[in-house]
Amino acid sequence: MLSLYVPGDSIVHRLPAGPKLLALFAASTALFAVSGIPIHAAELLAVAGLFRAARLPWRDTLHQLRPALIFLVPIFLFHAFVTDWRLGIETVLRILVLLLLAVLVTLTTKLSDMIDVLERALRPLRHVGVNPSKAGMMLSMVIRFIPLMTREAREILEAQRARGLDRSALALLVPLLIKTLKMAGDLSDAIEARGYDPETVAPVWRRWG
Amino acid sequence: MRIAHAMIEVSNVSHRYGAHEVLKAVNLRIGERRVGIIGANGSGKSTFARLLNGLLIPDEGSVTVDGIDTREDVKAVRRRVGFVFQNPDNQIVFPIVEEDVAFGLRNLKLPKDEVARRVDAVLERYRLERLRDHATHLLSGGEKQMLAISAVLVMEPRYVVLDEPMTLLDLRNKKLVLEIIRGIEQPVVLVTHDLDHLRDFDRIVVFDEGGVMADGPPETAIREYVRAMA
Amino acid sequence: MTTRDMTFVALFAALTAACAVFPPFQPPFVPAPIVVQNIGVMLAGSILGARRGSLAMALFVVLVAVGMPLLTGWRGGFGVILGPTGGFILSWVPAAFVVGWLVERGWSRLGFWNLLVFNVIGGISVVYLIGIPWLAAVANMELGKAVKVSTIFIPGDLAKAAIASFAALIVKRSYPLIRA
Ligand SMILES: Nc1ncnc2c1ncn2[C@@H]1O[C@H](COP(=O)(O)OP(=O)(O)OP(=O)(O)O)[C@@H](O)[C@H]1O
Ligand SMILES: [Mg+2]
């Protein structure tokens, strides 16, 4: 559900990545600090307004949200039966607002811009031995790896199911680890084959385009 | 000072993984435009290919590219020799197509507008323009390999080494990638199991158990290989 | 740190994120869900060692903090970090470090049982030591009560420690990454 930039030239798209991430950061904090059904309902309306302004295709938005939406039902049901249905609505609304905001930012911001911002944010940590350009490189590799990981996991699960091993956590985990470790080894060869030098001083991830 | 030869020279190279000797005193000078590498599984083709751009440094002997020894200046060698792997998934580094193409150029520390210009040109040439902003993990297998090859060619290396770049592709994409390889201006070293792809090559080297079993024009080399396999 | 180290670090951050697909189990009256995801901490520490393992967790936490919904149940954002379960998530960084540190020291005579102990010390104790007081503070609970409700995590965490130890041991045999 990450890194699915949808090109566009709306106001939301043109907003620089820094302020957008900062806003997401601030909103995600505020959502937990100030909670209540009317507040979240108002926020939801505001977020819907932002989506309109961003002119994003519905299909992409739904595609991003679908896996999470399935989740909201049991969360609501849990609260409805165990605690309080109002708390259920509040929780579901809060998650929905946060998810929509995160999706809005990921759909309208190029990943390179996002990593660039993180890299700049990490720059003060240089003095404690953090290398911002390496950190930026690793962050984008994480995002590259997540879909790869889930795909490999699904493939292994299917193969093990065919052999009746799908109830064993180890039968999934061990092949997944070995396969992806090997893949990561190959990938680092490919990275070096394309001239990457981790000891390079200048930030590798310079903003462009 | 040594005179820089426009060729890749492999002199007396041996390589082992642990106790297992994979290449045994291999000598080859590669100066042709199209060189094919064939041989049985485990005969040492990939190991050989990896030596050519310094991904592996030989235990014994030396590999030089235009006179530059991989042991002395790996970076310069890697800039000269582009490398395409079998599985595109293991060589696409970034989550977005255009970012992945730009990666190698950024490593060369090229100015921003030069990077943008070369990325545009390559995306256009290999018909990836419409996929520019796409997530790399959503591409088809063929598109992924096209991206991987583009990301190497955009760096304008002097030589291109490809290790079974078509093995994982369907027939249509095999053809497409083969077409692209045919169009590469630079000298190409292609490792493959598909003998049909090598008919118009200048030279075929056959590996067997870590040594060169045959070396010559396609008809004779392939004939010897087929006979040995039978 | 080599390119290889960097890809392995990224890999384990991604592995932890990918574990978010396993749905959480929310026990009643406990303000934190039971998740599969914290097995990532143990694996990162056991397979990558202290430095790389904790770095993998740090990357994961950074991505969560800026709002990527990578936690089980698609939660994310700085709000979660500041919330009742934030301590558990932040603790993953030192936890992976401790597991890794112990594993590095015991590398030459690593077996299932001592690896399990390392994972219990780093992957469970360190996590509880930071997570439970945090939970008590944020959720306005007495510490004693927070400890009591947290006992519900123990069986699952022990099972995860056992699975992680076993898996790490097999990986060590075919793909050793510490002092390799
Ligand atoms: N990283 C490694 N560690 C240990 N052994 C290796 C490694 N890579 C290759 N080998 C071994 O070296 C031998 C030659 O491998 P190589 O990959 O060069 O063969 P190949 O000709 O490319 O085979 P294929 O046609 O299957 O790709 C094989 O026996 C292989 O098992
Ligand atoms: Mg091979």
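Throughout, a chain's letter reflects where its sequence line sits, starting with A, and its residues are numbered from 1.
- Looking at every heavy atom in both residues, Ala169(A) comes nearest to Ile163(C) through CB-CD1, 3.8 Å.
- Between the NZ atom of Lys134(A) and the CG atom of Asp5(C) there is a distance of 8.5 Å, given to the nearest 0.5 Å.
- When heavy atoms are compared at a cutoff of 4.5 Å, Ala13(C) approaches chain A by way of both its backbone and its side chain.
- The nearest pair of heavy atoms linking Lys182(A) to Tyr175(C) is CA-OH, 3.6 Å.
- Looking at Phe60(C), there are no atoms closer than 4.5 Å to chain A (heavy atoms on both sides), in backbone or side chain.
- Your options are Leu187(A), Ile178(A), Leu139(A), and the one with the most heavy-atom pairs under 4.5 Å with chain C is Leu139(A).
- Residue Met137(A) comes nearest to Met6(C) through the heavy atom pair CG-CE, 3.6 Å, listed as atom of the first residue, atom of the second, then distance.
- No part of Leu148(A) comes within reach of chain C, as not one of its non-hydrogen atoms sits under 4.5 angstrom from that chain.
- Summarising the geometry of Phe8(C) relative to Gly185(A), their closest heavy-atom pair is CE2-N, 4.0 Å, with the distance given to 0.1 Å.
- Counting heavy atoms of neighbouring residues, nucleotides and ligands inside a 6.0 Å radius, atom CD1 of Ile11(A) does not exceed 12 of them.
- A 4.5 Å side-chain heavy-atom check between Thr180(A) and Leu15(C) finds every atom pair outside the cut-off.
- Of the two parts of Leu101(A), neither the backbone nor the side chain holds a non-hydrogen atom closer than 4.5 Å to a non-hydrogen atom of chain C.
- One distance of note links CG of Asp189(A) with OG1 of Thr3(C); it measures 9.0 Å at 0.5 Å rounding.
- Rounding to the nearest 0.5 angstrom, the gap separating the CG atom in Leu43(C) from the CG atom in Leu176(A) is 9.5 Å.
- Scanning all heavy atoms of the two residues, the minimum distance from Met138(A) to Ala10(C) falls at O-CB, 3.7 Å.
- Contact between Thr7(C) and Ala184(A) at its shortest, heavy atoms only, is OG1-O, 3.4 Å.
- Only the backbone of Ala135(A) comes within contact range of chain C, with at least one heavy atom under 4.5 Å from a heavy atom of that chain.
- No other option in Leu31(A), Leu181(A), Leu173(A), Ile191(A) has as many heavy-atom pairs under 4.5 Å with chain C as Leu181(A).
- When each of Ile170(C), Leu11(C), Val171(C) is checked for a side-chain contact (heavy atoms from CB on, under 4.5 Å) with Leu177(A), only Val171(C) meets the rule.
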